[in-house]
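Below: the structure, in structure tokens.
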Number of protein chains: 2
Amino acid sequence: MDNLATLFKEKNLKLTPQRYAIYKFLKSTKSHPSAEMIYEALRPDFPTMSLATVYKTVKTLIELGLVQELNVGEDNFRFDANVANHPHIVCTKCGRVDDIEDAVFEHLNSEVENYTNYKVNTHKLYFYGICPKCQGS
Amino acid sequence: MDNLATLFKEKNLKLTPQRYAIYKFLKSTKSHPSAEMIYEALRPDFPTMSLATVYKTVKTLIELGLVQELNVGEDNFRFDANVANHPHIVCTKCGRVDDIEDAVFEHLNSEVENYTNYKVNTHKLYFYGICPKCQGS
DNA sequence: TATTTATAGATAATATTTTTCTACAAAGAA
DNA sequence: TTCTTTGTAGAAAAATATTATCTATAAATA
Ligand SMILES: [Mn+2]
Ligand SMILES: [Mn+2]
Ligand SMILES: [Zn+2]
Ligand SMILES: [Zn+2]
């Protein structure tokens, strides 16, 4: 979090309270929130902060390589402060998005180069199923 | 294409020229067009057709199981008349979306169940890279 | 023929995200 | 400290993709 100030300074960006709070919140959660969810979560502490600030900030954080964007097929984006490429799973019943821990699929990139003439750089992998909580009900 | 008429009749849906043309176009192409691209492609033959009709028709086709929706991370959806679950690759330079032929990743669903408590039903897998044409330039 | 039903197209509405504008505050220079 | 520059928050408007509403029409049905 200290190198955060350094990184912002390097890019001539200001580490404002709003930016700091949004990044800290994303770092603290595994819920993969949308812009709206970030906005609601920080509203108690930042009642004057606008949704546009959330959007502008996550965009800044993405450009800095501090956050990645997930597109699980909803009508909005979700954000993740874990910038390593890792797979996610979406509960099709309640909508929650979880990490799949310890599962590594990086070998898929080179594997798939046998089936295409593309130069493959990365991939996005989303699983869909029913979460433990929804399996009960 | 004959069972198409039967299927529509079963569901009390009318196989209108617009619907037929949209489905036929999707069947004929491997370009994974967006609604806008479908609209533009059919405009010469259907100059009065509205974009709303394209949206309503692809939705209908999806409900019938004749078309699937792709979300490669752009600001819009793309559509595919190949409804089998198959992986795609996106050129990050020119934006084209191609099938990855013959590569099967269905085993991933059960494989990933070892790493999560979810009941896994399906997945979406998108690769990103540079297409042969863009590698040249 | 008369009537019902589905739908194309026009238009308005919705939702998400981006842009514009302005006042302000932090940082830097004098 | 004062002056000046620069970056940004927030408000509001705009842009974009998609969906819903409404009506005339044409096909299907009675
Ligand atoms: Mn994650
Ligand atoms: Mn395809
Ligand atoms: Zn659930
Ligand atoms: Zn390309």
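Naming: A, B, ... by sequence-line order, numbering from 1 per chain.
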Rounded to whole angstroms, how far apart are [atom1] on [X] and [atom2] on [N]?
X: B:Lys11; N: C:dT5; atom1: NZ; atom2: C1'; answer: 18 Å
X: B:Ile38; N: D:dA17; atom1: CD1; atom2: C1'; answer: 14 Å
X: A:Leu13; N: C:dA27; atom1: CG; atom2: C1'; answer: 14 Å
X: B:Tyr39; N: D:dT16; atom1: OH; atom2: C1'; answer: 15 Å
X: B:Met37; N: D:dA17; atom1: CE; atom2: C1'; answer: 15 Å
X: A:Asn71; N: C:dT17; atom1: CG; atom2: P; answer: 9 Å
X: A:Glu36; N: C:dT14; atom1: CD; atom2: C1'; answer: 14 Å
X: A:Glu74; N: D:dT18; atom1: CD; atom2: C1'; answer: 16 Å

From CA spacing to verdict: side-chain hydrogen bond (donor to acceptor under 3.5 Å, both in side chains), B:Thr53, B:Ser50: CA-CA 5 Å; B:Thr53 297; B:Ser50 78; 3.3 Å; yes
Below 4.5 Å, heavy atoms only, C-beta onward: do B:Pro87 and A:Tyr115 meet side chain to side chain?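 Answer no - side chains too far apart.
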Do B:Asn109 and B:Asn121 come close enough that some side-chain heavy atom pair is under 4.5 Å?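 Of all side-chain heavy-atom pairs linking B:Asn121 with B:Asn109, none is under 4.5 Å.
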If the plane angle is over 60° it's perpendicular, under 30° parallel, otherwise tilted; pick one for B:His86 and B:His32.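 Rings of B:His86 and B:His32: tilted, 30 to 60°.
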N/O-N/O pairs, protein side and nucleotides 22-24 of chain C side, under 3.5 Å:
none

Tell me whether B:Arg78 is salt-bridged to B:Asp80, with the criterion being a basic N under 4.0 Å from an acidic carboxylate O.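 So B:Arg78 does not pair with B:Asp80 through a salt bridge.
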Taking only nitrogen or oxygen atoms into account, show me every contact under 3.5 Å that the protein makes with nucleotides 4-6 of chain D, one pair per line with its distance.
none

Sole residue of B:Tyr128, B:Phe105, B:Phe127 in ring-ring contact (aromatic ring centres under 6.0 Å, His included) with A:His123: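 When B:Tyr128, B:Phe105, B:Phe127 are each tested with A:His123, the ring-ring contact (aromatic ring centres under 6.0 Å, His included) holds only for B:Phe127.
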Determine the sole option in A:Leu26, A:Leu7, A:Val58 for which the side-chain contact (heavy atoms from CB on, under 4.5 Å) test with A:Leu66 is passed.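 When A:Leu26, A:Leu7, A:Val58 are each tested with A:Leu66, the side-chain contact (heavy atoms from CB on, under 4.5 Å) holds only for A:Leu7.
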Any A:Arg19 side-chain nitrogen or oxygen under 4.0 Å from OP1 or OP2 of D:dG7: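 No, A:Arg19 has no side-chain N/O under 4.0 Å of OP1/OP2 on D:dG7.
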If the cut-off is 4.0 Å, is B:Lys59 near the phosphate of D:dA20, judged by side-chain N/O to OP1 or OP2?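 Yes, within the criterion.
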State which of D:dA9, C:dA8, C:dT16 makes the closest approach to the side chain of A:Gln18.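 Closest of the options to the side chain of A:Gln18: D:dA9.
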Taking only the side-chain heavy atoms of B:Thr16 (C-beta and beyond), determine which of D:dT8, D:dT18, C:dT7 contains the nearest atom.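 Nucleotide nearest to B:Thr16's side chain: C:dT7.
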B:Ile89-B:Met37 co-clustered via ILVMFWY side chain contacts under 4.5 Å: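 They do not share one cluster, since no chain of ILVMFWY contacts under 4.5 Å joins B:Ile89 to B:Met37.
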Could you check B:Lys9 against B:Asn76 and say which one's nearest nucleotide on DNA chain D is further toward the 5' end?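 Counting from the 5' end, the first nearest nucleotide belongs to B:Asn76.
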Distance, nearest 0.5 Å, that separates CG of A:Asn12 from NZ of A:Lys14: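 Reported to 0.5 Å precision, the distance equals 9.5 Å.
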What's the spacing between B:Phe77 CZ and B:Ser34 OG if we round to 0.5 Å?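 Here the interatomic distance stands at 12.0 Å.
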Is B:Thr92 reaching over with its side chain to a backbone N or O of B:Gly129, donor-acceptor style, under 3.5 angstrom?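 Pair found, side chain donor or acceptor close to backbone of B:Gly129.
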Modelled atom types, side-chain donor and acceptor of A:Asp99 and A:His88, under 3.5 Å: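 Yes, a side-chain donor-acceptor pair sits under 3.5 Å.
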Enumerate the residues from residues 47-56 of chain A whose closest heavy atom to DNA chain C is under 4.0 Å, giving them by residue number; use none for an empty result.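 Within this stretch, A:Ala52, A:Tyr55, A:Lys56 sit under 4.0 Å of the strand.
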